[in-house]
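Each chain gets a letter, A, B and so on, in the order its sequence line appears, and its residues count up from 1.
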2 protein chains.
Amino acid sequence: MSAAVAHEPLTRSVEDYLKAIYQLSPEGRPASTSEIANLLALSPPSVTGMVKRLSEHGLLEHVPYRGVQLTDAGRRAALRMVRRHRLIEAYLVEFLGYSWDTVHEEAERLEHAVSETMIERMAGALGNPSVDPHGDPIPAADGSILERACIALSDVPIGENVEISRVHESQPERLRYIASLGLRPGVQVTVVDRQPFDDLVTIEVGTDKQVIGRELGHALLCARKVKP
Amino acid sequence: MSAAVAHEPLTRSVEDYLKAIYQLSPEGRPASTSEIANLLALSPPSVTGMVKRLSEHGLLEHVPYRGVQLTDAGRRAALRMVRRHRLIEAYLVEFLGYSWDTVHEEAERLEHAVSETMIERMAGALGNPSVDPHGDPIPAADGSILERACIALSDVPIGENVEISRVHESQPERLRYIASLGLRPGVQVTVVDRQPFDDLVTIEVGTDKQVIGRELGHALLCARKVKP
DNA sequence: CCGAGATTTTAGGTTAGCCTAATACTGTAT
DNA sequence: ATACAGTATTAGGCTAACCTAAAATCTCGG
């Protein structure tokens, strides 16, 4: 069952497809070809074509006109890429002076090029971390992944003090903006006010007050914090 | 003249061709297509085809049936790859526990994937080294390279004490063997005897004696050492 | 200086991945 | 129930890089 099969090596673009499908639906709900096309910036027919090849290789199941789901083998391969990506991000931030908002594209290329050995050495140098600089959980080498419960900042009740645990955003410009507000995983914020429309929330970070709109409010995921 | 042109990005295989041609002839003597084919494990017709494309892009000059020479632009691109390769090797040995005999293939993949920024960060972390773990000089970011004079171990006179400065070999198995003999850049050896045939030399490494054959004798390059 | 053998190039074919345009399917709204 | 809007797939093409087989060119010994 859990035989650690020697995979035939996957191409870069296959790895990207699998990771994208996983990210569109970590829970395994079917993903549509156009969602995939959109995420990878490809045309829908290209995705249909690749999806067909991947399902022949047993990495996913495709019901025409209905969508695509990863098989166990596909999910394993996808989680492997997620692990690589997040460990590389963590390594670059810790050892090569990257900021957590600029590290994504570097990891995007390296995740395809680095050997298993090197990944595990980087993990070791980091002390086998369980989250990356964005606060996203790093899958273990065996493919297990531990998602911690969290709540969107937009949904935190007024008066409550929470710790930002994940920043769910990949556009560099937005990430720079978020960083410039002093918001990042580990920071504590208090929701001091909420506008009745548009999900606007006012938060207190240290001594500063910020107003946060809907999109950002959903990108910032928080763990509820027990008051000291 | 020395305008730092923004290159259109080169593909992985173009980078490999340029590096190969440079390595076949750092001095600029023409390289034959079959030498290139041999080094890259490709068929000669494939090389002819690529060479044609590259000469159209101004990266090399090709005189049909005669051979190939890098242009200035081609040499710059090749040296850039050599710099990347050697810095990556040095980084992996220094920070990720690689041994100098196993680091080559990892670098071979990473050199195509790493950004300029990351290369310079690695160089910084290493203190801008001038040689890699094999003792090969690392070209500067501006493309200048400093080759230090050295002599093959086979040609060192009897009785002389020298320091191994470079190990010119890329096959992992041979490198492991060399490492197992305790031979690596920085080690001092004394030539104690020489057989009149086959370039066999007997050397003293610390307290051990070794007999070295022709191929190894040419792979080990030495700087003459002033006796203390 | 001529031809045999080695080297190189041309000719023609394959594969992976991408594209656009045209066609087929789905589901919803009348 | 049906037509229409939206989404997905098929059809047909392109490019980069590779390959093998055949033709062209070079080199060197006699």
Can you find a side chain N or O atom of [X] that sits less than 4.0 Å from OP1 or OP2 on [N]?
| X | N | value |
| --- | --- | --- |
| B:R66 | D:dT27 | yes |
| A:R53 | C:dA16 | no |
| B:T48 | C:dT8 | no |
| A:S32 | D:dA8 | yes |
| B:S46 | D:dA17 | no |
| A:H62 | D:dA8 | no |
| A:Y17 | C:dC18 | yes |
| B:S43 | D:dC18 | no |

Return the value, rounded to whole Å, for the distance between atom [atom1] of [X] and atom [atom2] of [N].
| X | N | atom1 | atom2 | result |
| --- | --- | --- | --- | --- |
| A:L40 | C:dA16 | CG | P | 19 Å |
| B:E56 | D:dA17 | CD | C1' | 15 Å |
| B:Y65 | D:dT25 | OH | P | 5 Å |
| A:L10 | C:dA16 | CG | C1' | 14 Å |
| B:R12 | C:dA16 | CZ | P | 18 Å |
| B:E35 | C:dT8 | CD | P | 8 Å |
| A:D16 | C:dC18 | CG | P | 9 Å |
| B:L42 | C:dT14 | CG | C1' | 16 Å |

Base, sugar-phosphate, or nothing: which does [X] touch, judged by heavy atoms less than 4.0 Å apart?
| X | answer |
| --- | --- |
| B:S13 | sugar-phosphate |
| B:T33 | sugar-phosphate |
| A:P44 | base |
| A:S34 | sugar-phosphate |

Quiz item: Between B:K19 and B:E108, is there a side-chain N and carboxylate O pair less than 4.0 Å apart?
Solution: yes

Practice problem: Using a strict cut-off of less than 4.0 Å between a Lys/Arg side-chain nitrogen and an Asp/Glu carboxylate oxygen, indicate whether B:E116 and B:R84 qualify as a salt bridge. | Solution: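 Salt bridge flag = yes for B:R84 with B:E116.
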
Quiz item: A:H104 and A:H85: side-chain donor and acceptor closer than 3.5 Å?
Solution: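 Yes.
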
Practice problem: Indicate whether any N or O donor in one side chain lies under 3.5 Å from an N or O acceptor in the other, for B:D16 and B:H112. | Solution: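 Yes, because at least one side-chain N or O of B:D16 sits under 3.5 Å from a partner of the opposite role on B:H112.
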
Quiz item: How far apart are the closest heavy atoms of A:A73 and A:G58, and which atoms are they?
Solution: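 Smallest heavy-atom distance, with atoms named: CB-O, 4.0 Å.
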
Quiz item: At their closest point, which heavy atom of B:M118 faces which heavy atom of A:L96, and how far apart are they?
Solution: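 So the two residues come closest at CE-CD1, 3.9 Å.
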
Quiz item: Of all the choices, D:dA8, D:dA11, D:dA17, which nucleotide is nearest to the side chain of A:P45 once you look at every atom?
Solution: D:dA11

Exercise. Could you please name the option among C:dT10, C:dC19, C:dG17 that lies closest to any side-chain atom of B:K52?
Key: C:dT10

